[in-house]
Amino acid sequence: MENGTYVARLEEIADLLQVTGANPFRVRAFQKAARVIDGMAEDLDTVLAEGEVTAVDGIGKSIAEDLRQIRERGSCDLLDELRASLPDGITDLLRVQGLGPKKVKALYEELGIGDLDALEARASEGRIAGLKGFGARTEEKILKEVERLRRTAGRTPLAEAWPHAERLLGLLREVSGVERAEIAGSLRRGRETVGDLDFVVASREPGPVMEAFATDGDVEEVVARGDTKTTIRLSGGLSADVRVVPPEVFGATLHHFTGSKEHNVAIRSRALKRGLRVSEWGVFRRDGEDGGDATDGELVACATEEDIFAAVGLPFIPPELREDRGEIGAAEEDRLPELVTLEDIVADLHMHTTASDGRHSVARMAEAARDRGLKRIAITDHSRSLTVANGLDARRLRAQMEEIDAYNAGDPAVRVLKGLEVDILEDGALDMDDDVLAALDWVVGSVHQWMGQDPQTMTERLLRAIGSGFLHALGHPTGRLVGRRDGFTFDVDAVFDACADAGVALEVNASPWRVDLDDRLIQRALERDRLMLTINTDAHSTAELGQMHFGVRMARRGGCPRSRVVNAQDESP
DNA sequence: GCCGTTTTCGGCCCGACTGTTTTCAGTCG
Ligand SMILES: Nc1nc2c(ncn2[C@H]2C[C@H](O)[C@@H](COP(=O)(O)OP(=O)(O)OP(=O)(O)O)O2)c(=O)[nH]1
Ligand SMILES: [Mg+2]
Ligand SMILES: [Mg+2]
Ligand SMILES: [Zn+2]
């Protein structure tokens, strides 16, 4: 069973429990267990089989038993009981902005509302206003939010969110009085999808910042506007939060707004044990014996994130690791990995030119790479069978190889490797003649077609390609497209082991639509000592050479150090 | 429900914003 199935069951339990008015901490226990399993590099089935599941942080005896039942029959006693006692659609009500456990419970108990249709109907009839805690504005908002929920998708893919974030960041930085403005939230942590955009601004005058944000041309609605925080919704449905604070507390607020929520909770709990209190305003000493009210505790730190961490006895933890997946313990013991950085990347080993489906020539790509400070690139156009991308046959590839030799003969600042993104065909054969493959400097093998194969066939196919002796890297290894298409499944251990044995690197494709491998698979790859990664843009234009940072961020999320990245080494390739 | 260099019981992060309230609960970030 896939980890995602366990996650979905636990989340359903948490949702249903909330509506029954259960202890919020009990609800949080199920949410935490779901989150931990979602972030696991291993298959939960393997962990369950080895009987060590209660060793996982957040999973105790009770949830372990639920998981075993879910494995056996897809559900567990607790979930069965909850489902039997509540309507199917009630958890949808929790997705409506402004409705939480208390309000949903009231709507169900007072008016029998058990799904979105009923909610909409009762609101239209004016039956909701007048319920205790509900007024006319709440009823109005419910109608609006139900409609919006039906219309909009869930999380926004990185590739769609990023341009909006860059534009809004630029806008914020131009407001007079702004000393600093940074992207925070899940985007700063390098997640592949985001729920919204988050910004932190340092300024002594919040007014003009809020005003600029709220009156931007792309704003559809100002959702909330207070003294330090404004939330807007853009025309495409994406929301954005901005938090404006005085420059001296910027570090504390940036840390707070970068999250993750769970990381913040863990940091704050740790602080409490040390007689401190952490909020977005800083780290404070807790006065008074029994915890006290503590509002007047002495300020200990607030200027920089480093100061915040230091105040709670930790070294700086990079944003990409702040997911409460063990980073605090690792920091405590000084065993945080030294993560690869964008500056470490000296080569880009996957890109296309006009020869296949790229927009620019070999020389243009090389010059653009030089301007970005790279030392080497590999030109890896598509192979013949990818006809939609004008893939190269042996003759055209040979011609390109001559072109590259000629380019390199001019002793350019960027050395160009003769490469190919060769299609791994249906049966695992490579879509190019062996003698040509052998003459190339760098060969990326990728699956683009016949992606619907069953896992076993796909595994055998990949193993054959890896075993060919011609590949240097496996390109976008799962084929997923964020928010659009799941990757194909295969036996990860078998394929990764084979790559390690054959000296084939696994790509972290930096295209924001792919970021493939993802953080969990990167972490799993790194468990094998000899297995290397290669982070490449897969650029189809000179501009897309700027995508490298997405891949680097994902590699960092997976805990990847420079030493494990082929193209972060000074020597070849 | 989980967890333990202050606890195996009794805690579990903390503040901003809104709407409905007459002093604050609920939701969200
Ligand atoms: N201390 C604390 N901080 C929170 C809480 N919820 C959110 N935050 C902080 C950490 C989050 O990263 C940050 C922004 O909140 P978001 O809801 O936008 O979450 P985030 O950006 O992490 O994920 P997203 O992709 O937007 O769903 O605010 C909370 O309950 N407690
Ligand atoms: Mg966010
Ligand atoms: Mg947010
Ligand atoms: Zn490709």
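Residue numbers begin at 1 in each chain, while the letters A, B, ... track the order of the sequences. From a predicted model like this one, the values you see are computed outputs, not experimental measurements. Below, each value reflects all heavy atoms present in this structure, side chains not excepted, and no hydrogens, waters or symmetry copies.
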OP1 or OP2 of B:dG15 under 4.0 Å from side-chain N/O of A:Arg243
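It does not, given that no N or O in the side chain of A:Arg243 lies less than 4.0 Å from OP1 or OP2 of B:dG15.
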Residues 231-250 of chain A side chain polar contacts: donor-acceptor under 3.5 Å, at least two apart:
unit_1, atom_1, unit_2, atom_2, d
A:Thr231, OG1, A:Asp241, OD1, 2.8
A:Arg233, NH2, A:Glu221, OE1, 2.8
A:Ser235, OG, A:Asp218, OD1, 2.5
A:Arg243, NE, A:Thr228, OG1, 3.2
A:Arg243, NH1, A:Glu280, OE2, 3.1
A:Arg243, NH2, A:Glu280, OE2, 3.0
A:Glu248, OE1, A:Arg204, NH1, 3.3
A:Glu248, OE1, A:Arg204, NH2, 3.0

Nearest-angstrom distance, [atom1] atom, [N] to [M]:
| N | M | atom1 | value |
| --- | --- | --- | --- |
| B:dG26 | B:dT20 | C1' | 11 Å |
| B:dG1 | B:dT6 | P | 27 Å |
| B:dT18 | B:dT23 | C1' | 15 Å |
| B:dT22 | B:dC28 | C1' | 24 Å |
| B:dC13 | B:dG19 | C1' | 24 Å |
| B:dC12 | B:dC17 | C1' | 24 Å |

Applying salt bridge (Lys or Arg N to Asp or Glu O under 4.0 Å), can you list everything that pairs with [X], at least two apart in sequence or on another chain?
| X | answer |
| --- | --- |
| A:Arg180 | A:Glu182 |
| A:Asp307 | none |
| A:Asp80 | A:Arg73 |

Holding to side-chain hydrogen bond (donor to acceptor under 3.5 Å, both in side chains), I want the full list of residues that pass it with A:His549, two or more places apart in sequence or in another chain.
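Once residues adjacent in sequence are excluded, the partners of A:His549 under the side-chain hydrogen bond (donor to acceptor under 3.5 Å, both in side chains) criterion are A:Arg553.
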Quick one: which of B:dG19, B:dA16, B:dC12 gets closest to the side chain of A:Ser269?
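My answer, after comparing the listed nucleotides, is B:dC12.
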Nearest to the A:Asp57 side chain among B:dG15, B:dC3, B:dG1, which nucleotide is it?
B:dC3
Any ion pair linking A:Glu125 and A:Arg122 (charged N to carboxylate O, less than 4.0 Å)?
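Yes.
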Looking at [range], who's got a heavy atom less than 4.0 Å off DNA chain B?
| range | answer |
| --- | --- |
| residues 27-41 of chain A | A:Arg28, A:Ala29, A:Phe30 |
| residues 180-190 of chain A | none |
| residues 10-21 of chain A | none |
| residues 249-257 of chain A | A:His256, A:Phe257 |

In 5'-to-3' order, the base (B), backbone-only (S) or no-contact (-) status of each nucleotide in nucleotides 23-28 of chain B, using a 4.0 angstrom heavy-atom cut-off, is ---SSS
Reference residue A:His263; test side-chain hydrogen bond (donor to acceptor under 3.5 Å, both in side chains); the match among A:Arg325, A:His255, A:Glu323, A:Arg322:
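So the option named by the test is A:His255.
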Rounded to whole angstrom units, what separation is found between the CG atom of A:Leu272 and the P atom of B:dT5?
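Roughly 15 Å, once rounded to whole Å.
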Does B:dT18 have a Watson-Crick or wobble mate here (both distances under 3.5 Å), and if so which one?
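Pairing partner: B:dA25.
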Give A:Asp227 one of three labels, base, sugar-phosphate or nothing, depending on what nucleic acid heavy atoms sit under 4.0 Å from its own.
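Sugar-phosphate, backbone atoms only, no base.
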Output a table of donor-acceptor pairs, distance under 3.5 Å, between side-chain atoms of residues 48-65 of chain A and any protein atom two or more places apart or on a different chain; print 'none' if there are none.
unit_1, atom_1, unit_2, atom_2, d
A:Asp57, OD2, A:Lys32, NZ, 3.2
A:Glu65, OE2, A:Gln69, NE2, 3.2

Report the residues that fulfil side chain to side chain contact (heavy atoms under 4.5 Å, CB included) with A:Arg524, sequence neighbours left out, ordered by chain and then residue number.
A:Ala41, A:Asp43, A:Val492, A:Asp493, A:Phe496, A:Glu527, A:Arg528
